[in-house]
Q: 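Got a structure here, written out as structure tokens. Questions coming.
This is a predicted model, so every value here is computed, not measured.
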Number of protein chains: 2
Amino acid sequence: MRAQKTETEVRQEQIVTAALELIGAQGVNALSIAGIAERVGIVPSALYRHFKCKDDVLDAVLDLLKARLLSNVTQVRKETPGALPRLKSLLMRHARMLSENRAIPLVVFSDGIYAGRPERKAKVAAIITGYLSKIQHIVEEGIQDGSIRKDVVPVTASVMFLGMILPAAVLWNVSEGNFDMNAHAENAWPAFVRCISTEEHNIKSYMKTCEET
Amino acid sequence: MRAQKTETEVRQEQIVTAALELIGAQGVNALSIAGIAERVGIVPSALYRHFKCKDDVLDAVLDLLKARLLSNVTQVRKETPGALPRLKSLLMRHARMLSENRAIPLVVFSDGIYAGRPERKAKVAAIITGYLSKIQHIVEEGIQDGSIRKDVVPVTASVMFLGMILPAAVLWNVSEGNFDMNAHAENAWPAFVRCISTEEHNIKSYMKTCEET
DNA sequence: ACGAATTGTGATTCACTATTCACAATTATA
DNA sequence: TATAATTGTGAATAGTGAATCACAATTCGT
């Protein structure tokens with residue numbers, strides 16, 4: 001059966017989406033032109049009408065991921081005011097996203113995607129640092145408005161924020177989805193708040209605990 | 001030039017070590033029989049005198065990784081008393097042994113290492129959870145002796161501890177060694193202490209800061 | 001020192017996958 | 001409607017890397 005002739009812009013979208021789905025299911029290494037083509041419903045060679053080579057597909061996948069990650073942050077900035085609530089919202093959003101789409105850590109932290117291509121590595125680095133700088137920005141705002149300690153190093157805080165997500169993603173990945181991402185996020189969040197929020201805030205919450213007990 | 005004839009036990013060690021180094025440098029996907037052989041100083045086919053197939057090499061690499069991780073913890077337990085000092089010592093130790101730590105996320109996120117082998121994934125899972133349970137044990141001891149808050153969930157704390165190492169390793173990897181792992185560890189540690197140590201401890205250090213300023 | 005076992009080597013096979021190409025079908029354009 | 005442009009197809013090519021094998025060099029047991 002012959003595939004319906006479809007304009008290249010649409011096909012490109014289909015191809016990138018299919019690639020992302022396949023990566024989520026089987027990883028970057030297992031991603032093959034044949035696999036993508038089959039998922040799209042065309043023959044492998046037809047894929048080359050829309051992409052010059054496999055590398056270009058991977059680049060497009062990276063672009064898609066970057067867009068999704070950053071739109072995540074933008075969304076949260078719009079919906080939620082205040083540094084700490086924003087960070088929490090972002091954390092929970094990631095907890096949800098990772099279980100929905102585990103392709104993100106697989107792609108961003110896969111080695112296969114920058115095999116022998118330093119510029120690709122730079123691109124991945126740019127995605128990560130770009131994301132981190134957004135978080136860092138939120139932290140800096142928190143420091144200015146007094147909700148986050150002055151002696152917190154913003155970069156460190158952003159990396160530690162990533163540290164709540166990344167290991168959890170690892171565990172989730174390795175345990176075949178047998179790790180409760182959301183529970184971890186809920187448990188880790190108050191601890192993280194103690195990490196970075198001002199002493200006044202911590203002491204208040206401590207007093208409250210004392211009164212209760 | 002002909003390689004020196006060497007007994008298979010020694011070669012096996014050389015091969016596994018070389019493989020781990022190569023993984024740390026380039027990732028699992030780039031790991032080839034030819035690459036390992038070259039590093040060891042033998043010809044590719046000679047490698048099959050010591051391992052039946054590549055998969056067996058990967059299994060041995062996992063065993064080595066596990067052994068090194070756990071011996072790390074054991075060592076710290078011997079040298080250092082007290083939960084918090086032990087955790088800090090472990091953190092700094094990891095910061096120093098980056099090349100191995102770097103291999104960890106690379107291995108974990110590599111799909112190549114699981115390709116068509118579910119039992120391999122279980123093995124990786126066992127290594128990580130085994131390591132985490134050791135950390136968790138330290139945390140529990142800290143809770144018992146009162147240096148760590150009672151309301152800290154030990155599992156969560158151990159995952160967050162991993163969260164200080166993993167993202168840093170990834171960043172270091174992606175930025176071509178352009179990320180100061182030790183600085184991150186030094187910055188992250190006091191924040192992590194605030195995360196988990198008892199309020200009394202935090203308040204005392206807060207008072208001290210107040211007196212100073 | 002001599003045969004057997006061990007280890008190393010180069011050539012070769014084999015499977016897999018990206019990529020190309022000539023040609024066919026479809027759609028757009030004039 | 002006729003022709004050019006676009007997209008799809010199957011076959012063929014080429015490069016890669018794991019694995020095998022016959023044979024050579026080395027070491028070990030005796």
Q: Tell me which one of A:V124, A:I127, A:V61, A:I128 satisfies side-chain contact (heavy atoms from CB on, under 4.5 Å) with A:K66.
A: A:I127

Q: Whole angstroms only, please: what is the CE-C1' distance between B:M1 and D:dA24?
A: 17 Å

Q: Between atom OG1 of A:T156 and atom CD of B:E186, what is the distance when rounded to the nearest 0.5 Å?
A: 10.5 Å

Q: Tell me the interatomic distance from B:I42, atom CD1, to D:dA25, atom P, rounded to whole angstroms.
A: 18 Å

Q: Report yes if a side-chain nitrogen or oxygen of A:H50 is closer than 4.0 Å to either non-bridging phosphate oxygen (OP1 or OP2) of D:dG8; otherwise report no.
A: yes

Q: In whole angstrom, give the distance that lies between atom CG of A:L58 and atom C1' of C:dA18.
A: 12 Å

Q: Could you tell me whether the phosphate oxygens of C:dT6, OP1 or OP2, come under 4.0 Å of any side-chain nitrogen or oxygen in B:R11?
A: no

Q: Nearest whole Å is fine: how far is C:dA18 C1' from A:I36 CD1?
A: 11 Å

Q: How long is the gap from CZ on A:R49 to CD1 on A:I15, to the nearest 0.5 Å?
A: 12.0 Å

Q: Please state whether the rings of B:F179 and B:H184 are parallel, tilted or perpendicular, taking 30° and 60° as the class boundaries.
A: tilted

Q: Any N/O pairs under 3.5 Å between the protein and nucleotides 17-22 of chain D? List them or say none.
A:
| residue | atom | partner | partner atom | Å |
| --- | --- | --- | --- | --- |
| D:dA18 | OP1 | B:I33 | N | 3.3 |
| D:dA18 | OP1 | B:K54 | NZ | 3.0 |
| D:dA18 | OP2 | B:I33 | N | 3.1 |
| D:dA19 | OP2 | B:Y48 | OH | 3.0 |
| D:dA19 | OP2 | B:K54 | N | 2.9 |

Q: In Å and rounded to the nearest 0.5 Å, what is the NZ to CZ distance from A:K88 to A:F192?
A: 13.0 Å

Q: Find the distance between OG1 (B:T8) and CD (B:Q14) and round it off to the nearest 0.5 Å.
A: 10.5 Å

Q: Between C:dT7 atom P and B:I15 atom CD1, what is the distance in whole Å?
A: 11 Å

Q: Please state how far atom CD in B:E7 lies from atom P in D:dT27, giving the value in whole angstrom units.
A: 12 Å

Q: Would you give a per-nucleotide map of nucleotides 25-30 of chain C, 5' to 3', where B means the base has a protein non-hydrogen atom under 4.0 Å away, S means only the sugar-phosphate does, and - means neither?
A: BBS---

Q: Answer yes or no: is there a donor N or O on one side and an acceptor on the other, between the side chain of A:K121 and the main chain of B:E176, under 3.5 Å?
A: no

Q: Only one of A:V193, A:I138, A:T198, A:L84 clears side-chain contact (heavy atoms from CB on, under 4.5 Å) with A:I148; which?
A: A:L84

Q: A side-chain contact here means heavy atoms from C-beta on lying under 4.5 Å apart; do A:L162 and A:I135 qualify?
A: no

